[in-house]
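Remarks on the structure that follows.
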Amino acid sequence: MAEFLNGLNRTKMCGEFSAKDIGKKAVVMGFVAKYRNLGMIQFVDLRDRTGIVQLCFSSEEFPGAFSKSTQIRNEFVLAAKGRVRPRGEKNINPALATGEVEILIEELKILSEAETPPFNIVDDVKASEQLRLKYRYLDLRRPSLQRILAARAQVVSATINYMTKKGYLYVETPFLGKSTPEGARDYLVPSRTFPSKFYALPQSPQLYKQLLMISGCDKYFQISKCFRDEDLRANRQPEFTQIDIEKSYVDSIDDVMKDAEGLIRELFKKVAGVTIPRKIRRLKYAEAIERFGSDKPDTRFGLELIDVTNVVKDSGFAVFDNSTKRGMSVRAINAKGLSCLTRKEIDAYQEVVREYGAKGLAYISIKPEGISSPIAKFLNEAMLKEIIAAVGGETGDIIFFVADKNSVVFDALGALRLAIAKKENLIDESVYDILWVTHFPLFEFDEEEKRLTAKHHPFTSPLNEHIKYIEKRPLKARAKAYDLVINGQEAGGGSIRIHSRDVQERMFRAIGLSEKDINERFGFFVEAFRYGVPPHGGIAFGLDRLVMILTGTDNIKDVIAFPKNQNAACVMTEAPSEVEDNQLAELKIKIDDQK
RNA sequence: GGUCCGGUAGUUCAGUUUGGUUAGAACGCUAGCCUGUCACGCUAGAGGUCGAGGGUUCGAGUCCCUUCCGGAUCGCCA
């Protein structure tokens, strides 16, 4: 027996009541968060997205409303009319923003009854993620998720305001596009009008935004969905949102970075109330890798990597000697003051580096009572001293070593320093660590396919003086690319693009595309380059990740209203699903049942 | 594709090491009492395919095999 409003108008949202409203008439609407029936008086916490206000039903003052209120259960949807009154000094609830007042209800409408929800709708929810995703509309009623949705909306509106003010034009680009096998796996959409052909959902609006520069759009931005059919992680969803930016008449990285810094400043100020420096510090890629083992370093703590290859090259310890002879490296982390780590804890760290391909984790623990190290017996006294000196080891420290090819050493030690910092609480969560990483390599070598691939994407411009390396020394070439890293997370990245037809074609050839490949995949793009291309560049920010950082959440699902689970399924709607035979027939698609 | 962890009441978990009477707790739910609660309180009660299938056994939540589902993670993510 759902009741109707019948002209009843809400006067205020639940979270907006304060002592200023005392004595005023009020009409409120919302969900029942909690009810407390004391026999002849009942209190109801009414919740909407702004907060909670306490309703009071008194059998003495309004017996009709009181008697009706005894039917109330959690999550019922109510409309209630009454008068705001003070709670009285003893009954103020300081935990509640509206805790100084309550509304004495004269008239109650039960707009909708509700079954007992499958889990408690409270902020410190205990239910599993799967259950909460299945009933996402209930999960979203939780105040903490409502706050995140609101913060996200603020990011969107602040971005639109700021970029518009700066002269950027909002342009929408298509979702149904052309598949480009370079990069991530595409989500494909079968075409009905062209049986056996497929659209691809965009991994990013990259090509369109560059074509918009060729269109004379000059400065473009868009808040756009992107799709990548790759395996998921805690900070990765198959569809995610990007703040996509591109501008014309730039060929130095500083120009785009300045605009990007302006936007990031604005977002941090508007959404988190945090002022960040006008000029964000920069770190070159090579230095980031060398010092932190990562191109998205978290620099809120030390534990930097130290190259000891030259120190240990004739150490007499076979693992070190063999590695250095084969052109690999040996690097160390000096974990200050952690010689107290137990064998079990060290074993756990060993597992961390193993996951990244390291064969083992050597260590030297400098305890007050002497050196403890499984490798000490392979080293003579002088060598041991030399190694310890090289990493600045003192009593109380433990030094970890990984010997392997560079990529493994950096990955393993990069992960190790994060693991140690997290376990030992070395990270100051109260500060935002924001930096640019620049001077990325233009190419990297794909071991699996035995060919060069673009580190960023094949439209990224090399440094002007490195154009000459494209053919002869490609791995030496550095790019006009930049990533914005916040708290060790890649928050955004971009580049100055190639605007020369000649360089663009050399780039395609360098990554192994034949003339035919280039024409089939990027023919329209290359053709556009014939008709005048302003030098241009841009950047894209992961909006979901920005909202995570700004709201302090570590799960991307919390910042997306209806996210997918780890298998890229929607637990609520049960997408993806099978489709009708006639739908398949129209698309001329046959399902191969064999596994 | 690999590795690790998990699945027991509506929910979160204990119980599995060492097979043995009627599978427990908390929260939630239902009913009664209660006029100042806000984690309201008190009393009583309902609630279980121990993920599914098979096997071993006199006997399986517990042991074995198969399988499904979920999470973390490596690869992957231009």
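Convention: sequence-line order gives letters A, B, ...; per-chain numbering from 1.
Side-chain proximity of A/Phe43 to B/G36, B/G70, B/G28: nearest is B/G36. You'll find that the side chain of A/Ile41 is closest to B/U35, out of B/C29, B/U73, B/U35. The nucleotide whose nearest atom lies closest to any side-chain atom of A/Tyr356 is, among B/U73, B/C76, B/C74, B/C74. When distances run from any side-chain atom of A/Asp411 to the nucleotides B/C40, B/G70, B/G75, the shortest one goes to B/G75. Of all nucleotides listed (B/U35, B/A31, B/U73), B/U35 comes nearest to the side chain of A/Leu38.
Side-chain polar atoms of A/Thr50 and A/Asp48 form a donor-acceptor pair below 3.5 angstrom. Side chain to side chain, A/Asn93 and A/Gln54 fail the donor-acceptor criterion of an N or O pair below 3.5 Å. Side-chain polar atoms of A/Arg497 and A/Ser495 form a donor-acceptor pair below 3.5 angstrom. Between the side chains of A/Gln222 and A/Thr173, at least one donor N or O sits under 3.5 Å from an acceptor N or O. Using a 3.5 Å distance cut-off with no hydrogens or angles, the side chains of A/Asn235 and A/Gln489 do pair a donor with an acceptor. Residues A/Thr342 and A/Glu345 bring a donor and an acceptor atom of their side chains to less than 3.5 Å of each other.
None of A/Pro205, A/Pro202, A/Pro238 except one satisfies the side chain to side chain contact (heavy atoms under 4.5 Å, CB included) rule with A/Cys226; the exception is A/Pro205. Screening A/Val559, A/Leu546, A/Leu543, A/Ile560 against A/Thr241 for a side chain to side chain contact (heavy atoms under 4.5 Å, CB included) leaves a single residue, A/Leu543.
We find that OH of A/Tyr35 is positioned 18 Å from P of B/U35, with the value rounded to whole Å. Protein atom NZ of A/Lys557 is 11 Å distant from nucleotide atom P of B/G70, rounded to whole Å. For the pair A/Leu133 CG and B/C69 P, the computed distance is 16 Å after rounding to whole Å. To the nearest angstrom, P of B/G36 lies 12 Å from CG of A/Asn37. If you take CG of A/Asp231 and C1' of B/G75, they are 9 Å apart, rounded to a whole angstrom. Remark: P of B/G10 and CD of A/Gln130 are 16 Å apart, rounded to the nearest angstrom. A straight line from CD of A/Glu351 to P of B/G2 spans 19 Å, rounded to a whole angstrom. A/Glu574 places its CD atom 13 Å from the C1' atom of B/C69, with the value rounded to the nearest Å.
Here, B/G19 and B/G1 have their P atoms 37 Å apart, quoted to the whole Å. Between B/A23 and B/A9, the two P atoms lie 14 Å apart (nearest whole Å). Distance noted for atom P between B/C76 and B/G71: 22 Å (whole Å). Separation of the P atoms belonging to B/U37 and B/G32 is 23 Å when rounded to the nearest angstrom. On the C1' atoms, B/G36 is 26 Å away from B/A44, given to the nearest whole Å. Here the separation of B/C68 from B/U21, taken at their P atoms, is 33 Å to the nearest Å. Rounded to the nearest Å, the gap between the C1' atom of B/C13 and that of B/C50 is 13 Å. For the C1' atoms, the distance from B/C29 to B/G70 is 26 Å, rounded to whole Å.
More than 12 heavy atoms of other residues, nucleotides or ligands sit less than 6.0 Å from atom CZ of A/Phe227. Atom CZ of A/Arg49 sits in a sparse spot, with 12 or fewer heavy atoms from other residues, nucleotides or ligands closer than 6.0 Å.
Regarding contacts with the backbone of B/C40, a side-chain N or O of A/Arg36 is found under 4.0 angstrom from either OP1 or OP2. One finds a side-chain N or O of A/Arg73 lying less than 4.0 angstrom from the OP1 or OP2 phosphate oxygen of B/A31.
A donor N or O paired with an acceptor N or O is found under 3.5 Å between the base of B/G36 and the side-chain atoms of A/Arg85. Looking at A/Arg236, its side chain comes within 3.5 Å of the base of B/C76 through a donor and an acceptor atom.
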Tabulated below should be each protein N or O lying under 3.5 Å from an N or O of nucleotides 11-16 of chain B; please produce it.
residue : atom : partner  : partner atom : Å
B/U12   : OP1  : A/Ser128 : N            : 2.8

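Along RNA chain B, the nucleotide nearest to A/Ser204 and the one nearest to A/Asn565 differ in position, and the one closer to the 5' end is contacted by A/Asn565. Both A/Asn74 and A/Cys56 lie close to RNA chain B; mapped to their nearest nucleotides by heavy-atom distance, the more 5′-ward contact belongs to A/Asn74.
A/Gln42 comes within 4.0 angstrom of no nucleic acid atom, judged by non-hydrogen atoms across all strands. At the heavy-atom level, A/Gln54 lies under 4.0 Å from base atoms of the strands shown. Contacts of A/Glu102 with the nucleic acid, taken as non-hydrogen atoms under 4.0 Å apart, include base atoms. Counting any heavy atom pair closer than 4.0 Å across all strands shown, A/Arg233 reaches a base atom.
Nucleotide B/G70 is matched to B/C5 when pairs are restricted to Watson-Crick or G-U wobble geometry with both distances under 3.5 angstrom. Nucleotide B/G53: paired with B/C65 (Watson-Crick or G-U wobble, both distances less than 3.5 Å). Using the Watson-Crick or G-U wobble rule with both distances under 3.5 Å, B/U17 pairs with nothing in any strand shown.
A 4.5 Å side-chain heavy-atom check between A/Arg87 and A/Leu96 finds at least one atom pair inside the cut-off.
For A/Thr553 (side chain) and A/Asn555 (main-chain N/O), no donor-acceptor pair under 3.5 Å exists by modelled atom type.
Listed by residue number, A/Arg87, A/Asn91, A/Asn93 are the residues of residues 87-98 of chain A with a heavy-atom contact under 4.0 Å to RNA chain B.
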